[in-house]
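Working notes for the structure below.
Just follow the structure's listing: the first ligand is 1, and inside any ligand the first atom is 1.
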Amino acid sequence: MSVENCKVIDLPKISDPRGNLTFIEGEEHIPFQIHRVYYLYDVPGGSERGGHAHKALHQLIIAMSGSFDVVLDDGKNKKRVHLSRSYIGLYVCPMIWRELDNFSSGSVCMVLASNKYDEDDYFRDYSEFMLLRHQK
Ligand code: TYD
């Protein structure tokens, strides 16, 4: 599970003069079943979100409106990804520390997740996460 396993995914886009349409089917366009959707909005300028890793959760992060950056960190390598299109998703596999920053005003970050919310699935302590990553 490295940052190289985290991929930018081009989602299907039906272009239409009346407005474009994008759809996502679990296990079809993304490598997991969708069990939860959540979104961040009204994010004040300069805010940072994330700051944790998940033990088993798979996620797809989409900039539904505006833009922001996601910094991925597998304990060895880091990668910064800028998201600004609602037809592009960033797949984040388990055991990746992520931070979200550089939010534009009015941005909306939607996340599709492979499981329901479970606090026990989180690493919220970076040094604990690093310790575990370097044991493997
Ligand atoms: P957290 O995952 O830390 O947010 P972010 O990574 O976007 O900064 O969650 C923030 C709070 O919201 C935390 O108290 C847990 C709660 N929460 C839920 O109750 N359900 C959810 O699905 C999510 C994602 C968070």
Side-chain angles (χ1 to χ4, degrees):
M1 300 289 186
S2 77
V3 292
E4 296 311 316
N5 299 113
C6 301
K7 302 264 182 232
V8 168
I9 297 177
D10 264 310
L11 299 164
K13 181 181 177 190
I14 311 289
S15 298
D16 192 308
R18 298 171 301 160
N20 300 332
L21 183 152
T22 284
F23 57 95
I24 306 163
E25 294 176 0
E27 292 185 316
E28 187 64 41
H29 306 108
I30 56 174
F32 59 87
Q33 270 190 35
I34 302 160
H35 285 280
R36 176 168 50 115
V37 177
Y38 66 91
Y39 34 94
L40 302 169
Y41 52 96
D42 294 345
V43 180
S47 256
E48 290 179 10
R49 300 290 314 219
H52 57 74
H54 287 282
K55 296 172 189 170
L57 195 72
H58 299 255
Q59 292 181 309
L60 188 84
I61 305 177
I62 304 172
M64 294 304 282
S65 183
S67 64
F68 51 84
D69 291 356
V70 185
V71 181
L72 303 170
D73 176 357
D74 59 20
K76 214 170 167 191
N77 294 303
K78 284 192 186 191
K79 191 158 93 173
R80 179 177 284 270
V81 180
H82 182 67
L83 294 177
S84 61
R85 299 276 179 247
S86 42
Y87 55 86
I88 300 281
L90 173 64
Y91 166 67
V92 183
C93 65
M95 293 304 290
I96 302 291
W97 192 270
R98 88 290 312 277
E99 278 163 19
L100 285 76
D101 62 15
N102 200 20
F103 285 91
S104 69
S105 71
S107 56
V108 178
C109 166
M110 183 174 79
V111 183
L112 310 184
S114 64
N115 263 313
K116 292 190 176 167
Y117 173 72
D118 175 10
E119 187 59 37
D120 289 342
D121 185 63
Y122 281 74
F123 281 104
R124 291 200 183 269
D125 185 314
Y126 188 66
S127 48
E128 188 194 339
F129 168 74
M130 287 299 271
L131 203 65
L132 205 114
R133 290 284 348 202
H134 287 120
Q135 279 168 5
K136 292 198 170 168

**Message:** If hydrophobic clusters are built from ILVMFWY residues whose side chains come within less than 4.5 Å, do Leu83 and Tyr87 share one?
**Reply:**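 Yes; tracing contacts between hydrophobic side chains, which count when under 4.5 Å, links both residues.
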**Prompt:** Using a distance-only test with no angle check, is there a side-chain donor-acceptor pair under 3.5 angstrom linking Asn5 and Tyr91?
**Reply:**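 Tyr91 and Asn5 do not have a side-chain donor-acceptor pair below 3.5 Å.
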**Request:** Would you check if there is a donor-acceptor pair between the side chains of Glu128 and Tyr126 at a distance under 3.5 Å?
**Result:** no
Give me the nearest non-hydrogen protein atom to [atom] as residue plus atom name, then the distance to 0.1 Å.
| atom | answer |
| --- | --- |
| atom 17 (N) of ligand 1 | Tyr117 CE1, 3.8 Å |
| atom 21 (C) of ligand 1 | Arg36 NH1, 3.3 Å |
| atom 2 (O) of ligand 1 | Tyr122 OH, 2.6 Å |
| atom 3 (O) of ligand 1 | Arg124 NH1, 2.9 Å |

**Tyr38 neighbourhood, listing ligand 1 atoms whose heavy-atom distance to it stays under 4.0 Å** =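 Near Tyr38, the atoms of ligand 1 are 24 (C).
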**Prompt:** Within 45° of the axis and under 6.0 Å from the centre of the six-membered ring of Tyr122, does NZ or CZ of Lys55 qualify?
**Reply:**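 That pair does not qualify as a cation-pi contact.
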**Asked** Between Leu40 and ligand 1, which part of the residue brings a heavy atom under 4.0 Å of the ligand: side chain, backbone, both or neither?
**Response**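 Near ligand 1, Leu40 shows its side chain, while the N, CA, C and O stay back.
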**Prompt:** Counting heavy atoms only, which of Arg98, Arg49, Glu119 is nearest atom 4 (O) of ligand 1?
**Reply:**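 Nearest heavy atom to atom 4 (O) of ligand 1 lies in Arg49.
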**Asked** Any protein heavy atom under 4.0 Å from atom 14 (O) of ligand 1?
**Response**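 Under 4.0 Å from atom 14 (O) of ligand 1, zero protein heavy atoms found.
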**Message:** Among all the protein's heavy atoms, is there at least one whose distance to atom 23 (C) of ligand 1 comes out below 4.0 Å?
**Reply:** yes
**Prompt:** What do you reckon, are the aromatic ring centroids of Phe68 and His82 less than 6.0 Å apart?
**Reply:** no
**Message:** I'd like to check whether His52 has a polar contact with ligand 1, where a contact means an N/O of the residue lying under 3.5 Å from an N/O of the ligand.
**Reply:**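 Yes: some nitrogen or oxygen of His52 is under 3.5 Å from one in ligand 1.
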**Request:** Decide whether an N or O pair under 3.5 Å exists between Gly50 and ligand 1.
**Result:**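 For ligand 1, there is an N or O atom that lies under 3.5 Å from one belonging to Gly50.
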**Prompt:** Could you go step by step and tell me if His35 and Asn115 meet the side-chain hydrogen bond (donor to acceptor under 3.5 Å, both in side chains) rule?
**Reply:** CA-CA 5 Å; His35 285 280; Asn115 263 313; 5.2 Å; no
**Request:** Look at Asp101 together with Arg80 and state whether they make a salt bridge at an N to O cut-off of under 4.0 Å.
**Result:** yes
**Request:** Might you confirm whether atom OH of Tyr41 has over 12 heavy atoms from other residues, nucleotides or ligands at distances under 6.0 Å?
**Result:** no
